[in-house]
Structure formats: structure tokens, C-alpha cells
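The figures that follow rest on heavy atoms only: side chains count, while hydrogens, waters and symmetry mates do not. Since we're looking at a predicted model, the values are computed, not measured. Position 1 is the first residue of the sequence, and the numbers go up from there.
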Amino acid sequence: MLPTESKKAVSFKRYIEDGDLVIVYERHDVMKPVVVSEGDVLQNRFGVYKHSDWIGKPLGTKVFSNKGKFVYLLAPTPELWTLVLSHRTQILYIADISFVVMYLEVVPGCIVLESGTGSGSLSTSFARAVAPTGHVYSFDFHEQRAASAREDFEKTGISNLVTVEVRDIQGQGFPEKLSGLADSVFLDLPQPWLAVPSAAKMLKEDGVLCSFSPCIEQVQRTCEVLRSDFIEIRTFEVLLRTYEVKEVKVDTGNMIGESHDDYNGGLRPCKRKHRSKEDGAVSLDSSSNATSVVMARPCSEARGHTGYLTFARLQCLS
């Protein structure tokens, strides 16, 4: 996120300045983070873009290359940052992240503990959710990963909201200085059941814990330990299915005599594809009896199972 006047605010400046991080957007699956530096250029398949032309422009601007092709300059929101960050570990994606933030009841002012930090995908969303007065304490046993995460949080402007420490939470537990202060705890560990007793000490009364595990056997062992101090134990698997909706040309002359089901299930484009010599764009040659139809179908690159999310609420002894 871009730095703002208030050190505790998480919002975006309207205009791009030298040194800002922006997301260069070509299309939904082609994006990259770029630090704006006057005198530098960006080169891609569309040509050369001068950073000096970006400075002073509002976020969301369409900028043109020397060849007349364009890209968009977008703010590094948590959603976009998740799609472009460097993968030091397997990360959580938007479907799981949104589910976690909601069920952990993370709101402005909350204190959230996280282990491990990994690539910082979830940490970024936690930071926006707790701002402006909350804080995220993130722990990772790997010193280099923790250092890289700190650098990323500096780039995105949330370092004042996230503290990253090197600590083996499975072996040592969370620091005693945070005992009873956390509203929520998130665990992404190979053996989360080892950290559950320490997490229970960190949580306030009625606090919520979430454990992410890729294997159901990990979930079973974690739930066994959770029953000692937690209630409302539930496990979810979030599956996301996206659809591609676009207009195609259909040859109605070839559909005479076909059933209604065949019509709905067997629509195919009837245009010939021609590649432009200039930029490789596809154009379609209509036939005289073709009609436009808007079709929807599941995307071929649907993301499958990522992991299981187990939530539990700390039992109030009073």
C-alpha cells in the first residue's frame, strides 16, 4: 500500500510520486509490481514506458508506450499484491483470505497473531482489516523469510501495522508479553496442534483461532487438542469456481432440426479466426446467417483444493 500522511492510516494517495510502488496491469493474469523511479523505463511486449510520464498521474491511469499500446497503473491493494508477490512459500489466495478475515472477526483496532509469516499474503489483508489502530504480530522460524517479509511490508506501506519476529512457535510458543492481548490467532504450521495451548493463552476471552492445513489428518489432530479449551470448532474447505462470459457468433443455419438441449449445450463459434500481422489480435469473419450469443462456461484453469480452515472460539471459564 502506498504511504500516507497519517502513519496509522491504510489508504492510497491519489497521485503517483517518485519511489511509489504501483501495479502495472496488462490483463487480469498479467501484472507486475514496479517501483516508480524517474529516469527508469519499463519494457514489455507493448513497447517502452517512461516512469517520468507516470509521476503526477492519478492511480488507475492508462499510460501509453512508444508504440501507442497501453497498460494501467493501479494501487497495490491486498487483492492485487496477493497476485503479484514473490512466492517464498505456498500462499493463501483471495477466497481463503476473505473467509479467514470474516470468521476471525478481524476489524479495525484488533490485535492479530500470525504464524508463520511465509510470503506475507495474508498479513497484508490483516493489516488493512485492523487499521488504523490495530496491529498484526507475525512470526516465522526462517530468518531470511522474515527479513524478506519486512522488506515487502516496507514497500507496500504497512510496516507500521505489522511486526515480524523470528520465532519457532511450534517449539517455543508465542511470546509471554502478548498473553491475553490477542483478539485472533492464525496458524499456518506443519504441526499446528503443538501451538494450540500457547495460542489459547494469547487470546482474550471469546477470542477466535484459525488453523490452515492442507491435509485432513492435520485437521483431525488439531481438533483433538482444541477440544480442551475451545468451543464452536468447525472446519471448512473453500472451493472457488470462476466463469468466462463472452459474446460469440453462432451459425443459426446449422441448428435447424436440433433439439433445445442440443442448442444450449452445443453452441460453437462459426467464425474463422484470422491473426493480425501487426499485433497477433484475433478477428472473426461473420457468415451471413450468424447471430451473436452471450455464452458462459467454467474457466479451464479453475483453482482446486488449497487447504482446510479450522475455526474455534476460546471457551470462557467465567
Side-chain angles (χ1 to χ4, degrees), residues 1-25 31-40 42 49 51-61 63 71-89 91-94 97-98 100-101 104 106-140 143-166 183-184 186 188:
M1 269 160 259
L2 302 178
T4 56
E5 293 296 328
S6 169
K7 292 186 177 181
K8 281 294 184 179
V10 175
S11 59
F12 301 102
K13 293 183 295 187
R14 295 284 183 182
Y15 296 93
I16 299 169
E17 296 179 3
D18 189 23
D20 284 346
L21 175 70
V22 298
I23 305 297
V24 176
Y25 178 100
M31 292 178 279
K32 67 179 299 183
V34 175
V35 176
V36 179
S37 178
E38 189 166 7
D40 283 355
L42 169 70
Y49 300 84
H51 287 203
S52 57
D53 294 338
W54 302 357
I55 297 173
K57 297 279 177 58
L59 288 162
T61 292
V63 293
V71 295
Y72 292 97
L73 305 179
L74 305 180
T77 63
E79 292 80 9
L80 293 180
W81 184 246
T82 291
L83 299 176
V84 301
L85 58 76
S86 299
H87 287 205
R88 296 178 286 274
T89 60
I91 70 169
L92 267 69
Y93 287 93
I94 294 170
I97 290 174
S98 56
V100 168
V101 171
L104 280 184
V106 182
V107 296
C110 280
I111 302 296
V112 179
L113 308 189
E114 175 194 29
S115 181
T117 309
S119 300
S121 173
L122 180 61
S123 313
T124 306
S125 290
F126 276 152
R128 181 176 64 180
V130 303
T133 55
H135 203 82
V136 179
Y137 294 90
S138 190
F139 301 89
D140 202 294
E143 188 168 348
Q144 184 55 49
R145 277 207 300 262
S148 298
R150 291 191 196 99
E151 292 176 6
D152 283 349
F153 298 152
E154 286 284 349
K155 290 179 186 176
T156 52
I158 60 170
S159 57
N160 57 296
L161 293 165
V162 184
T163 298
V164 182
E165 296 184 18
V166 178
D183 297 281
S184 308
F186 178 81
D188 185 359

* Approximate separation, where rounding is to 0.5 Å, of L122 CG and F186 CZ -> 5.0 Å
* Do V100 and F126 have side-chain heavy atoms sitting under 4.5 Å apart? -> yes
* Quick one: pull up CD1 in I23 and OG1 in T77 and give me the separation to the nearest 0.5 Å. => 7.5 Å
* Asked: Taking 4.0 angstrom as the limit, do E17 and K57 come out as a salt bridge?
  -> no
* Got W54 and L42 here, is their nearest side-chain heavy-atom distance under 4.5 Å? -> yes
* Report yes if the side chains of L21 and V34 come closer than 4.5 Å at any heavy-atom pair, otherwise no. => no
* Give the intermediate values and the outcome of side chain to side chain contact (heavy atoms under 4.5 Å, CB included) for residues S123 and E114. => CA-CA 8 Å; S123 313; E114 175 194 29; 2.6 Å; yes
* Parallel, tilted or perpendicular, as decided by the 30° and 60° cut-offs, for the rings of Y137 and H135 -> tilted
* Does some side-chain heavy atom of V136 sit less than 4.5 Å from a side-chain heavy atom of F153? -> no
* Answer yes or no: is there a donor N or O on one side and an acceptor on the other, between the side chain of H51 and the main chain of V36, under 3.5 Å? => no
* Can you name the nearest heavy-atom pair linking L74 to G60, along with the distance? -> CD2-CA, 3.9 Å
* Residues D152 and R88 bridged, charged N to O under 4.0 Å -> yes
* **Step-by-step side chain to side chain contact (heavy atoms under 4.5 Å, CB included) determination, D183 to V106** => CA-CA 8 Å; D183 297 281; V106 182; over 6 Å; no
* Are S121 and I97 close enough, and set up right, to give a side chain to side chain contact (heavy atoms under 4.5 Å, CB included), and what steps lead you there? -> CA-CA 9 Å; S121 173; I97 290 174; 3.4 Å; yes
* Would a 4.5 Å heavy-atom cut-off, applied to side chains only, mark V130 and P108 as touching? -> no
* **Atom pair CH2 (W81) and CZ (R128), whose distance is rounded to the nearest 0.5 Å** => 14.5 Å
* Asked: Shortest non-hydrogen contact from T117 to S138?
  -> OG1-OG, 2.6 Å
* To do: Might you work through the side chain to side chain contact (heavy atoms under 4.5 Å, CB included) test for V63 and D53, ending with a clear yes or no?
  => CA-CA 8 Å; V63 293; D53 294 338; 5.9 Å; no
* Asked: Do I91 and T82 have side-chain heavy atoms sitting under 4.5 Å apart?
  -> yes
* Asked: OG/S159 to CD/E154 distance, rounded to the nearest 0.5 angstrom?
  -> 3.5 Å
* Structure fact -> One should read off an interatomic distance between D18 CG and D40 CG, to the nearest 0.5 angstrom, of 9.0 Å
* Asked: Looking only at atom types and distance, does a side-chain atom of D140 sit under 3.5 Å from a main-chain N or O of R145, one as donor and one as acceptor?
  -> no
* Got a second to check how far Y15's OH is from I55's CD1, nearest 0.5 Å? -> 15.0 Å
* Would a 4.5 Å heavy-atom cut-off, applied to side chains only, mark M31 and V24 as touching? -> no
* How far apart are the closest heavy atoms of L85 and G120, and which atoms are they? -> CD2-C, 4.5 Å
* Can you find a pair of side-chain heavy atoms, one from L92 and one from D188, that are under 4.5 Å apart? -> yes
